[in-house]
Amino acid sequence: MENLKTILYNFDELKGESQEKFINLLQKKELKKSDKIVNIGEVAENFFLLTKGVVRSYFTHKNGKEHTRTIYTPFTTTGALSSLILKKPSDLDYECLTDCELFYGNFHDFRKLTSKDIHFANQYSKILEKILLRIESRVFDLSVLNATQRYLKLKKDIPDIENLIAQYHIASYLNITPIQLSRIRKEIIEKRLY
Amino acid sequence: MKNSIKDFIQQSIEISDKSYQEFLSIFKEVEFPKSHVISKKGDIHHKFYLLKKGVACSQLDDKNGNKHIRTLFTVVSAIANLPSLVYKTPSPTEYVCITKCTLLEANFADFENMIKKYHDVSISYNKFLQRVYTNIEEKNTDLATLNAESRYLKLRKKEPDIENKIPLYYIAAYLNITPIQLSRIRKKIYSK
């Protein structure tokens, strides 16, 4: 339960009775590497809180190629938020890259609490603000940092990324070709940038 | 009245008259000329705006120094870099009036105090953030899956009047294509 405490500490709008109500929504789930938490085409029902492991969301192009959209590490929210909000099928798959520990809850029950309890409404805004920060900085990285800088940033965030995910997935996350990626890695080893 | 500030904050939630009056009281009206820079890249935002009249956009410089349009704002939109407002970090984007604009301006700190007291306004803010999120995700998915022509048609469907309001090169920058590509697409569509 140590890990759940870290999450509750971050959700600081929910105290006392509100926190109790929130804990009652949650259930713990342990998943194996390659298990999915949301499948493409599925209308999602649950939100997830990642407390251990690494999850990625990815998109599959018509030609079968996968494009990694987001890589999630603890402690963070994950799951198909657009699908939850719009009640439409998810565009993405959400897959565990390692064995994972998650807490999950029904999103619509959570939303009901936001209409009854102002602390839930304010907490939900804070969560959404954080998610928006995450996608904003991803767009910024893709448009402003060069490929080497993006790779170094990813290595800093997830040092063992290379053991978790295939090279071509890393390349697709960085929006470069696998050949570019291998050149960058060579350059970094030679120049000891890392 | 359609497209009013009240409709904007009342999307799928009823706001009481008292809350609405309180909400309006944190704003003052400002007018900016065409091409006015509302905030520069690197600024830390304390204020945010609601667009009442005109068209504005947010721009991001890419690695080659080209300006890319992130968002086109039409009436009624909220304008500000949210991460900068919330986390007091420098904004990576520049906000510019494409046409002459009338805006309502408020301090974000006043708004943050308001949502602690007014539950309906807090829920309205939830719904607003949800819309911002689903719009960005939709745009990201469109950029990955649709070709330029489909993205153009989608924009025209959402904003039928946009070509009468702003120069075409802004539209090209928003669609992430060159003005030449855009004029080819338009020619193809109109000749059908």
Side-chain angles (χ1 to χ4, degrees), chain A residues 13 57-63 65-70 77 80-88 90-92 107 110-147 149-150 172 175, chain B residues 12-14 41 58-71 80-93 108 111-146 176:
Chain A
E13 295 286 329
S57 66
Y58 66 95
F59 178 83
T60 308
H61 285 274
K62 279 193 204 102
N63 61 15
K65 272 201 178 146
E66 291 171 4
H67 178 80
T68 299
R69 174 74 64 83
T70 310
T77 52
L81 187 57
S82 283
S83 172
L84 292 170
I85 294 170
L86 301 172
K87 298 180 182 152
K88 58 153 205 180
S90 172
D91 293 333
L92 308 168
F107 179 69
F110 177 78
R111 288 299 313 282
K112 272 180 212 145
L113 288 168
T114 64
S115 340
K116 284 186 202 142
D117 179 341
I118 188 170
H119 302 292
F120 272 85
N122 288 329
Q123 185 61 61
Y124 185 42
S125 288
K126 284 196 170 178
I127 294 167
L128 289 167
E129 286 169 348
K130 196 154 217 173
I131 292 170
L132 286 166
L133 170 72
R134 186 163 72 206
I135 45 181
E136 190 73 18
S137 58
R138 170 107 166 104
V139 170
F140 179 71
D141 290 351
L142 281 173
S143 46
V144 174
L145 302 182
N146 66 34
Q149 291 166 328
R150 296 207 294 275
S172 92
N175 235 6
Chain B
S12 51
I13 162 93
E14 191 87 18
K41 184 174 122 181
S58 62
Q59 297 179 331
L60 198 60
D61 294 328
D62 68 14
K63 289 176 285 285
N64 309 318
N66 296 321
K67 284 199 189 302
H68 171 69
I69 294 186
R70 280 274 289 146
T71 313
N81 185 266
L82 192 77
S84 180
L85 282 176
V86 177
Y87 302 102
K88 316 287 176 232
T89 51
S91 163
T93 36
F108 189 63
F111 179 71
E112 280 185 311
N113 286 331
M114 237 207 113
I115 58 172
K116 287 193 185 119
K117 285 183 233 148
Y118 295 87
H119 194 175
D120 48 1
V121 181
S122 179
I123 293 170
S124 169
Y125 185 47
N126 284 169
K127 308 242 175 195
F128 166 76
L129 292 170
Q130 290 192 151
R131 289 198 299 277
V132 174
Y133 175 80
T134 52
N135 286 342
I136 296 177
E137 282 295 275
E138 190 187 347
K139 197 190 168 196
N140 286 345
T141 302
D142 287 352
L143 279 171
T145 55
L146 301 181
N176 225 3

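Closest approach of B/S122 to A/S125, counting heavy atoms only: O-OG, 4.1 Å. In this structure, A/I118 and B/Y118 approach most closely via the heavy-atom pair CD1-C, 4.0 Å.
Annotation for B/K127: atom NZ counts as buried by contact number, over 12 foreign heavy atoms lying within 6.0 Å. Within a 6.0 Å sphere centred on NZ of A/K65, heavy atoms belonging to other residues, nucleotides or ligands number 12 at most. Within 6.0 Å of the NZ atom in A/K87, the count of heavy atoms belonging to other residues, nucleotides or ligands does not exceed 12. Other residues, nucleotides and ligands contribute at most 12 non-hydrogen atoms within 6.0 Å of the NZ atom of B/K41.
The structure places CG of A/L128 at 8.5 Å from OH of B/Y125, a figure rounded to the nearest 0.5 Å. Distance CD/B/Q130 to CZ/A/R111: 4.5 Å, rounded to 0.5 Å.
Residues B/N126 and A/T114 form a side-chain contact, since some pair of their non-hydrogen atoms from C-beta on lies under 4.5 Å apart. B/L129 has its side chain out of reach of A/Y124: every pair of non-hydrogen atoms, C-beta onward, lies at least 4.5 Å apart. Put simply, the side chain of A/E136 does not reach to within 4.5 Å of the side chain of B/L82, judged on heavy atoms.
Of the atoms belonging to A/H61, it is side-chain heavy atoms, and not backbone ones, that fall under 4.5 Å from chain B. For A/K126, the part sitting under 4.5 Å from any heavy atom of chain B is the backbone (N, CA, C, O) and nothing else. Of the atoms belonging to A/K88, not a single heavy atom falls under 4.5 Å from chain B. With a threshold of 4.5 angstrom between heavy atoms, A/N122 approaches chain B through its backbone and through its side chain. If you measure heavy-atom distances from A/I135 to chain B, the contacts under 4.5 Å come from the side chain alone.
Side-chain atoms of A/E129 and B/Y87 include no donor-acceptor pair closer than 3.5 Å.
Comparing B/K117, B/R131, B/E137, B/H119 by how many heavy-atom pairs each has under 4.5 Å with chain A, the most go to B/H119. Here B/R70 is the residue among B/R70, B/H68, B/E112 with the most heavy-atom pairs under 4.5 Å with chain A. Note on B/T93, B/I115, B/N81, B/L85: by heavy-atom pairs under 4.5 Å with chain A, the leading option is B/I115.
Evaluated for a side-chain contact (heavy atoms from CB on, under 4.5 Å) with B/T134, the options A/L81, A/L86, A/L84 yield exactly one hit, A/L86.
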